[in-house]
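Counting starts at 1 for both ligands and their atoms, in listed order.
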Amino acid sequence: MKSVEPEVFLVARPELDYAEVARYLSDVGGESWLERLDRGDLDAELNDPQNLAEFAGRLCYRSWEPGLNPNVSRVRTDQTQYLENILRSLHGSVLEHVNFSFVLHNVSRVLTHELVRHRPGVAISQESLRFVRLQDIPFWFPEWAREDQELMKRATALLEQMEEFQGWMAGHFGLDEEGVPFSVKKHHTSFMRRFAPEGVATGLVWTANVRTLRHTIEARTAAGAEEEIRLLFGRIGELMRQEAPALFSDYVVEDGAWVPGWRKV
Ligand SMILES: Cc1cc2nc3c(=O)[nH]c(=O)nc-3n(C[C@H](O)[C@H](O)[C@H](O)COP(=O)(O)OP(=O)(O)OC[C@H]3O[C@@H](n4cnc5c(N)ncnc54)[C@H](O)[C@@H]3O)c2cc1C
């Protein structure tokens, strides 16, 4: 049994191609928006996630500057205020352009089973335990469990027995013998994983857009949510607040629960 900690790695974030943005803006007469970015008038001039959301929002109303659309006589020039208005007016579809990719490492199948219930706006690539054979059983114990000696003694013994059984099965099925076809290995490996606990730690790449992230952070840090997923989404919330403060600044964190100012944006 290998004792592990769930971890979050933020491995990808949006990047704007400003030359292409400029080329488009010159065609619609919106260069002043980019010039404002260049001059650093906006709070988050180099914040590509926020710039992308703002870009998508402004394209909708051609609100790069007053007058381009005769119906628009003034525009907000402060990005934080602009994005706050997007959130307030529940114009969440523009947030769908802004995607982040995470590796969720050493998370249990309890967690992944709950995570995949969140459907729109996500992409998932999960470690295959049909392909990847369990040699040890990585397992996370929350702090309160680690402090309970009798619990740890019994839990560790149980996990070690499961681990030993995995090894026994691999030998029994002859999986490491010369010439065993991969299809046979896969077939047996899939059978063997049935004898791993739901708490076995595994991993996945999880990509989500900001609209989904906002909803998921709220749902999965709620007081009633499961403790491992709560812990993980608390960390994701912190990361998002650093990455795109204007898109996550409306949250109030109370006892680990992230409560947004505007729900279901
Ligand atoms: C604390 C907690 C306890 C839970 N307990 C249980 C439980 O006991 N049993 C259980 O089965 N599940 C449980 N769940 C899972 C829960 O029921 C949801 O399936 C999960 O949280 C996904 O959230 P969502 O329904 O908002 O959908 P998401 O997939 O996250 O979608 C986001 C939003 O998009 C819209 N949407 C998505 N798909 C559709 C659709 N097909 N039709 C219309 N609108 C759509 C909805 O507005 C939805 O809220 C629990 C979740 C939490 C947070």
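Closest heavy-atom approach to atom 33 (C) of ligand 1 within the set Arg220, Arg117, Lys264: this belongs to Lys264.
Protein non-hydrogen atoms do reach within 4.0 Å of atom 29 (O) of ligand 1. Counting only heavy atoms, the protein never gets under 4.0 Å from atom 16 (C) of ligand 1. By the definition of a contact as any protein heavy atom under 4.0 Å away, atom 26 (O) of ligand 1 is in contact. Put simply, atom 48 (C) of ligand 1 has protein non-hydrogen atoms near it, under 4.0 Å away. For atom 7 (C) of ligand 1, no protein non-hydrogen atom is found at a distance below 4.0 Å. Protein heavy atoms are found inside the 4.0 Å sphere centred on atom 21 (O) of ligand 1. The nearest protein heavy atom to atom 35 (C) of ligand 1 is not closer than 4.0 Å. For atom 42 (N) of ligand 1, the nearest protein heavy atom is 4.0 Å or more away.
Gly224 counts as a contact of ligand 1, since one of its heavy atoms falls under 4.0 Å from the ligand.
Of the possible polar contacts, one joining the Thr216 side chain to the Thr212 backbone as a donor-acceptor pair under 3.5 Å is found. Side-chain atoms of Asn209 never come within 3.5 Å of backbone atoms of Asn99 as a donor-acceptor pair (strictly under, hydrogens ignored). A donor-acceptor pair is defined here as one N or O able to donate and one able to accept, closer than 3.5 Å; no such pair exists between the side chain of Glu127 and the backbone of Thr202. A donor-acceptor pair under 3.5 Å links the side-chain atoms of Arg58 to the main chain of Ser63, judged by distance alone. No donor-acceptor distance shorter than 3.5 angstrom exists from the side chain of Asn106 to the backbone of Pro6, with no hydrogens or angles considered.
Ring geometry, Phe233 versus Trp206: the interplanar angle exceeds 60°, so the pair is classed perpendicular (tilted spans 30 to 60°). Ring-plane geometry between Phe100 and Phe102 is classed as tilted, the angle between the planes lying from 30 to 60 degrees on a 0 to 90 degree scale.
Ranking protein heavy atoms by distance to atom 31 (O) of ligand 1, first place goes to Pro120 CD, 3.3 Å. Here the heavy atom of the protein found nearest to atom 53 (C) of ligand 1 is Ala219 O, 3.3 Å. What sits closest to atom 39 (C) of ligand 1 on the protein, heavy atoms only, is Arg119 NH2, 4.0 Å.
Of the residues listed (Leu111, Val110, Leu104), the one engaging Ile229 in a side chain to side chain contact (heavy atoms under 4.5 Å, CB included) is Leu111, and it is the only one.
For ligand 1, the atoms lying closer than 4.0 Å to a non-hydrogen atom of Ala225 are 1 (C). Annotation for ligand 1: atoms under 4.0 Å from non-hydrogen atoms of His215 are 23 (O), 24 (P), 26 (O), 30 (O), 32 (C), 49 (O).
Applying the ring-ring contact (aromatic ring centres under 6.0 Å, His included) rule to Phe131 yields the partners Phe182; only residues at least two apart in sequence or on another chain are considered.
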Let me check something: any side-chain donor-acceptor pairs from residues 251-260 under 3.5 Å, sequence neighbours excluded? List them with distances.
unit_1 : atom_1 : unit_2 : atom_2 : d
Tyr251 : OH     : Arg214 : O      : 2.8

